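Down below is the structure, laid out as structure tokens.
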Amino acid sequence: MTNSTTFRVHALPAAALDTVRRTGRDAADRPVESLRAGGGEALRCCLRDADEGEELLLFGYAPPGAAGPYREIGPVFAHATACPGPDPAGGHPPAWRGRPQVLRAYDRQGRICGGRLHDGTDPEGVIAELLADPTARELHSRNVVYGCLMFVVRRATTG
């Protein structure tokens, strides 16, 4: 039997969301903003776009990883209260297919070791291409215009 490398998409960790909801403070210890969705806000808790009227939080988030010059804090939206989360299969979010994104590869030291802009038509192919580099520990999918984190991608080995 041979092993094949696949990937899993990760939303913001539940523990990080629980902390933000409980304390009302973000990664930079700034107050979290509460707002009602206008519709279309990218939710990092369940990896879908918000429906108009949903109660949301807007806050600064830094993905876990090595501290250093490449670690970024950026704005993200999440539900104000716990939600069911993303699809447990961990694939690319269906609602975000076709959305251009930047994928950045990070090594074990938290340094950028590659990346690519893709148009959203074959995100799995671009993810596989970047994860083929053995120095890439994880990928960050980022919004093209605003640069904020959409989700994290890590290898998952099966077989």
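Quick caveat, the model's predicted, so the values are computed rather than measured. One-based numbering along the sequence shown. Worth knowing before you read on, the calculation uses all heavy atoms, side chains too, and leaves out hydrogens, waters and symmetry mates.
In this view, Arg30 and Asp26 satisfy the side chain to side chain donor-acceptor pair (under 3.5 Å) rule, not counting sequence neighbours. The side chain to side chain contact (heavy atoms under 4.5 Å, CB included) check on Arg154 picks up His10, Glu138, Val152, with sequence neighbours excluded.
Grouping the Ile, Leu, Val, Met, Phe, Trp and Tyr side chains by contacts below 4.5 angstrom, directly or via other members, places Leu149 apart from Val153.
Here the shortest heavy-atom pairing between Gly39 and Glu41 reads N-OE1, 3.0 Å. Met150 and Ala42 get closest at one heavy-atom pair: CE-CB, 3.6 Å. Leu17 approaches Phe59 most closely through the heavy-atom pair CD2-CZ, 4.0 Å. For the pair Ser141 and Gln101, the tightest heavy-atom approach, listed with the atom from each and the gap, is OG-OE1, 3.0 Å. Contact detail for Arg155 and Pro134: the closest heavy-atom pair is NH2-CA, 4.0 Å. Shown here for Pro63 and Arg142, the closest heavy-atom pair between the two residues is CG-NH2, 4.3 Å.
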Can you list, pair by pair, the side-chain donor-acceptor contacts under 3.5 Å of residues 73-85, counting residues two or more places apart and other chains?
{"residue": "His79", "atom": "NE2", "partner": "Arg48", "partner atom": "NH2", "Å": "3.2"}
{"residue": "His79", "atom": "NE2", "partner": "Glu54", "partner atom": "OE2", "Å": "2.8"}

Let me check something: any side-chain donor-acceptor pairs from residues 108-115 under 3.5 Å, sequence neighbours excluded? List them with distances.
none

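For the side chain to side chain donor-acceptor pair (under 3.5 Å) condition, the pairs that include at least one residue of residues 58-74, sequence neighbours left out, are Glu72-Arg104. Pairs engaging residues 102-144 under the ring-ring contact (aromatic ring centres under 6.0 Å, His included) rule: Tyr106-His140 [sequence neighbours left out].
Between the OG1 atom in Thr121 and the CZ atom in Arg99 there is a gap of 14.5 Å [rounded to 0.5 Å]. Once rounded to the nearest 0.5 Å, the distance linking CZ of Phe151 with CG of Leu103 reads 6.5 Å. Atom CG of residue Leu43 and atom CG of residue Leu56 lie 5.5 Å apart, to the nearest 0.5 angstrom. Atom SG of Cys46 sits about 11.5 Å away from atom CG of Asp87, to the nearest 0.5 Å.
Atom CZ of Arg36 has 12 or fewer heavy atoms from other residues, nucleotides or ligands within 6.0 Å.
Under the 6.0 Å cut-off for aromatic ring centres, His92 and Phe7 do not qualify, their centroids lying 6.0 Å or more apart.
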